[in-house]
Amino acid sequence: MTALFLRDLKLSIRAGGGALIGVLFFLTIVAVIPFGVGPDLKLLSRIGPAIVWIGALLAALLGLDRLFQAERDDGSLDLMLMQETPLVLTVLVKCVAHWTATSLPLVIASPLLGLFMNMDETAIAATMLTLLVGSPAITFIGAVGAAVAVALPRGGLLVSILVLPLTIPVLIFGVSAAYAAVEDPAPFLPPFLILIALTFFFAVIGPAAAALALRNTAD
């Protein structure tokens, strides 16, 4: 499992620019918002957590279609299906490697983009914390879409279409928790705990559903 994690980590970084492409896309999304809404610093500060979360969500969708594509191209997907190690565990390790290579850099870059949106320290810290907790759920959900579309020659758009609606609850509670941290009447803990619960839920359901989809694809 360690060797698989390191292998997938290297592949995720090398393929298509990996983390750099995701961070640049993240930066592009957040950077164009002030040009659209105007130079109102109070407005930017108010909508900042939501914009950073949306940017991170869209950037995290990049490369999800390649989660199992390399194994499909070189034939190692068949070996994954026949090995003694449970396929669910293999998919889980691949998801963790993909998140480490693509989504973790987005979490690290979020404070800089929070400053760009004129967010204060509390809002930046809350947004970064919610992204750290909630972004793995996006990867686990995306694994299902990637497994469904692995047999298609150009399944990237299909993966995004399949995954995006399912990530809405993660986005809602992530943004709600970030806003609750800076708005005194709203408690931070309830939406944050729900966000953690969503991540654990999809950590169980996502790899299992992806493994089932991969077996059906092979059949």
Side-chain angles (χ1 to χ4, degrees), residues 12 16-34 36-37 44 46-67 95-117 119 123-149 155-182 191-192 194-203 205-206 209-210:
S12 298
L20 180 60
I21 295 297
V23 171
L24 290 177
F25 185 72
F26 187 20
L27 175 61
T28 301
I29 294 175
V30 177
V32 299
I33 297 301
V37 302
L44 292 176
R46 187 165 65 251
I47 67 175
I51 297 302
V52 172
W53 247 99
I54 292 173
L57 170 61
L58 296 177
L61 296 179
L62 294 177
L64 279 176
D65 60 308
R66 297 193 299 268
L67 190 57
C95 289
V96 174
H98 181 83
W99 176 84
T100 304
T102 58
S103 295
L104 185 57
L106 302 179
V107 177
I108 297 174
S110 61
L112 176 62
L113 300 180
L115 292 175
F116 191 79
M117 295 297 294
M119 295 162 54
I124 291 174
T127 303
M128 185 178 183
L129 181 60
T130 53
L131 281 175
L132 181 63
V133 171
S135 57
I138 301 173
T139 301
F140 292 129
I141 297 171
V144 182
V148 171
L157 181 59
L158 178 60
V159 173
S160 299
I161 293 174
L162 291 174
V163 170
L164 191 57
L166 299 176
T167 59
I168 297 301
V170 180
L171 175 65
I172 290 174
F173 287 104
V175 174
S176 298
Y179 277 133
V182 295
F192 184 69
I194 294 176
L195 184 63
I196 295 175
L198 285 173
T199 297
F200 282 120
F201 174 77
F202 286 117
I205 299 299

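Between Phe140 and Phe202, the shortest heavy-atom distance links the atoms CB-O, 3.3 Å. Contact record, Gly22 with Ala59: O-CB, 3.6 Å, taken as the closest heavy-atom pair. Contact record, Ala109 with Val23: CB-CG1, 4.2 Å, taken as the closest heavy-atom pair. The two residues Pro136 and Thr199 make their nearest non-hydrogen contact at CB-CG2, 3.9 Å. Across every non-hydrogen atom of Ala177 and Phe192, the tightest pair is CB-N, 3.9 Å. Here the shortest heavy-atom pairing between Cys95 and Ala143 reads SG-CB, 3.4 Å.
Rounded to the nearest 0.5 Å, atoms OG1 (Thr167) and CG (Leu162) are 11.5 Å apart. Considering CG of Leu166 and CD1 of Ile205, their distance stands at 12.0 Å, rounded to 0.5 Å. Separation of atoms CD1 (Ile194) and CZ (Phe201) is listed at 14.0 Å; rounding is to 0.5 Å. In this structure, CD1 in Ile51 is found 12.0 Å from CZ in Phe116, a value given to the nearest 0.5 Å. In this structure, Leu195 CG and Ile172 CD1 are separated by 11.5 Å, a value rounded to the nearest 0.5 Å.
Proximity of Leu164 to Leu61: side-chain heavy atoms (C-beta onward) are separated by under 4.5 Å at one or more points. Residues Leu58 and Phe26 fail the side-chain proximity criterion, which asks for heavy atoms closer than 4.5 Å. Within the 4.5 Å cutoff, no side-chain heavy atoms of Ile138 are placed close to those of Ser103. Contact of the Met119 side chain with the Val52 side chain is registered, since non-hydrogen atoms from C-beta on lie closer than 4.5 Å. Residues Phe25 and Leu106 fail the side-chain proximity criterion, which asks for heavy atoms closer than 4.5 Å.
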### Trace of the side-chain contact (heavy atoms from CB on, under 4.5 Å) decision for Trp53 with Val170
CA-CA 10 Å; Trp53 247 99; Val170 180; 3.9 Å; yes
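Paired with Met117 under the rule side-chain contact (heavy atoms from CB on, under 4.5 Å), one option of Ile124, Thr127, Ile47 passes, and it is Ile47.
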